[in-house]
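Notes follow once the structure below has been shown.
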Amino acid sequence: MAHLPSADDEENYKKLRAEIQKKLIDTDFEQWFPYIDKEDTAPTKFFAITREIAETILNANKALTPDCFETTRIGDINTPFNKFEKELFDNVAPGLQSVMNEFGPCFIKTSSMSAKDVVFFLPSFRTNYGNLYRSEKEKVGWKEMSKGEQNQAKLLAFTEACTLCLQFSDAKEALRSFVLSQRTAEGMERAIKHEEYGNFIVRKWMPAPLDSEFRLFVHENVLRGASQYIDSYFSKRIYNNREEVAKAITRFFREKLGPKLHAEFKHYAVDICIPKLYSYVDEDRVLVPADEWELKVIEVNPWFESTGMCLFSGRAEEELEEKEGREFPIIKVQDKLVSLGFMSKDWKNAMSQVESQVDAEQD
């Protein structure tokens, strides 16, 4: 017989959810952005989310029908899914578009999260992954690669395709992604409950190599650890130059992040990237000393039970706790090719459908 939660279980769950919601609000974009020097992150503009907008996004999400998730429906941006999305297109899109036009291609999120849970539904995913997978297969030496090397190439193409799905130039397309997103719907529920609606965060698109992204873990202004954000990516240039990478990350935290964030944040994770990594190292050598590297802040996150720990996953508490003789920071990079076994069924299906189409074209 299935276990039914007791009243105590339900009460504990509610308390846990409330605690998580509070931590998310405490690290909303607007909470940390003012502390970061503008040159250390992407140029950013704000478009206010009112209670009316929050309720309309939530209602539009709740009114979705199964056919709304079909690729052709999603791609038909001129036909609103329902009356609530039409309100967003009529009343919100023009103002949001004017803000977006200041940057051209941009990344858009709400104060606490992006709509990354919908990328597989977007027509751009099939286009992006198809183009990237096709490009990998056309490279000299593809057929001579090992299965592991081919899988690594496909993984990177897949990750890049998902990332590009969150690049928007059209406000209606951005709003549609928020309507489709369950993450956004939960965020709007939280915003309405706490009466803290936040903003659409419009950021100039900041290209960065996938292997240049790291998540840093900070406790009481001590950088405890840092890990490659895409922990399944074995990057030869990162692995072979890991000491120089560690120097650059440590310097950036000590000179830039720590002094700026310490007054407000005590226990947090921060995502950073090295946009010009390709100019600083190649696979075999350092081209530019670490103290001359430019790093950028992507975002600050709460560090709690459900925070993604990247290469620290499973042993994070043990590895990052203070012990006699232990020196911080502990920097982790992937040291071997990783199979695709970790990927979810949905991810594999999304890749397989596109790969089959590309393979058929090339036969």
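Values below: all heavy atoms of this structure, side chains included; hydrogens, waters and symmetry mates excluded.
- Between the side chains of Asn59 and Glu55, no donor-acceptor pair of N or O atoms lies under 3.5 Å.
- Grouped by direct or indirect side-chain proximity (heavy atoms under 4.5 Å, Ile/Leu/Val/Met/Phe/Trp/Tyr only), Ile230 sits with Leu156, Leu210, Tyr229, Tyr233.
- When the shell of 6.0 Å around CD of Glu220 is examined, it contains more than 12 heavy atoms from other residues, nucleotides or ligands.
- Listed by chain and number, the residues in a side chain to side chain donor-acceptor pair (under 3.5 Å) with Arg73 are Asp67 (sequence neighbours excluded).
- Taking the six-membered ring for Trp, Phe217 and Phe312 have ring centres closer than 6.0 Å.
- Using the six-membered ring where Trp is involved, Phe158 and Phe120 have ring planes that are tilted, between 30° and 60° apart.
- Side chains of Glu264 and Tyr35: a donor on one and an acceptor on the other come within 3.5 Å.
- Between the side chains of Gln357 and Arg126, at least one donor N or O sits under 3.5 Å from an acceptor N or O.
- The salt bridge (charged side-chain N to carboxylate O under 4.0 Å, His left out) check on Asp335 picks up nothing, with sequence neighbours excluded.
- With hydrogens and angles left out, the side-chain atoms of Asp211 and Ser235 include a donor and acceptor closer than 3.5 Å.
- A side-chain N or O of Glu355 and one of Tyr129 form a donor-acceptor pair less than 3.5 Å apart.
- Residue pairs meeting the side-chain hydrogen bond (donor to acceptor under 3.5 Å, both in side chains) criterion with at least one member in residues 267-278, sequence neighbours excluded, are Arg215-Asp271, His219-His267, Asp271-Asn301.
- Here Gln182 pairs with nothing under the side chain to side chain donor-acceptor pair (under 3.5 Å) rule; sequence neighbours left out.
- Glu30 and Asn199 are linked by a side-chain donor-acceptor pair at a separation below 3.5 angstrom, with hydrogens and angles left out of the test.
- Residues passing the side chain to side chain donor-acceptor pair (under 3.5 Å) test with Asp76 are Thr79, sequence neighbours excluded.
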